[in-house]
Structures are given as structure tokens and as C-alpha cells.
Amino acid sequence: MTPAATQARHISLLRLEQAAGQAFGYADEPEPVAPRSAILFSSSGFAIATVATAVAATITYLV
């Protein structure tokens, strides 16, 4: 499929999905967005867990 055909099919499917949702009474809901703080916390948490694991492994190795 060409990019234009793919884009047209995608738009058509989105319209169909929206029409079906409206037919069954579902309101349009915005997509949930993760708060910026949650993204930073998960990255920081992963880094802290990695450092803690490295420290624990080093202590275990030395003992």
C-alpha cells in the first residue's frame, strides 16, 4: 500500500470507530496522558534501583 492509501485507510477506520462509539453512547474521551512528574519519577526510580543493585552486588562480592 502506498503511504496515501495507508493514511486514507487509517482515517476511515478512525471515523468508523468514532461513529460506533457515538452509536453506543460513549462520549469522546481524551487519551490519558502521564503526568510529567510520573515520567521523571520512573526514570529516577530505575536509576536508583540500578545503583542500589550495583552496590549490593559489590558488597556481596567483597564479603
Side-chain angles (χ1 to χ4, degrees):
M1 292 181 90
T2 65
T6 304
Q7 183 68 21
R9 182 176 181 205
H10 179 71
I11 291 171
S12 176
L13 289 174
L14 286 176
R15 287 181 184 157
L16 179 65
E17 182 181 346
Q18 183 179 13
Q22 290 174 354
F24 288 105
Y26 292 103
D28 290 336
E29 298 177 4
E31 293 186 24
V33 177
R36 182 76 177 147
S37 61
I39 294 170
L40 292 175
F41 180 72
S42 64
S43 298
S44 299
F46 184 74
I48 290 170
T50 303
V51 170
T53 303
V55 169
T58 302
I59 290 172
T60 302
Y61 178 75
L62 294 175
V63 173

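Since we're looking at a predicted model, the values are computed, not measured.
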Identify every side-chain donor-acceptor pair in residues 1-11 under 3.5 Å, counting partners at least two apart or on other chains, and give the distances.
from: T2; atom 1: OG1; to: A5; atom 2: N; distance (Å): 3.2
from: T6; atom 1: OG1; to: T2; atom 2: O; distance (Å): 2.9

query: When clusters are formed from ILVMFWY side-chain contacts under 4.5 Å, directly or step by step, what else is grouped with L13?
result: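 None, because no other hydrophobic side chain comes under 4.5 Å of this residue.
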Please output the side-chain donor-acceptor pairs of residues 53-63 that fall under 3.5 Å, not counting sequence neighbours, one pair per line with the distance.
from: T53; atom 1: OG1; to: A49; atom 2: O; distance (Å): 2.8
from: T58; atom 1: OG1; to: A54; atom 2: O; distance (Å): 2.8
from: T60; atom 1: OG1; to: A56; atom 2: O; distance (Å): 2.7

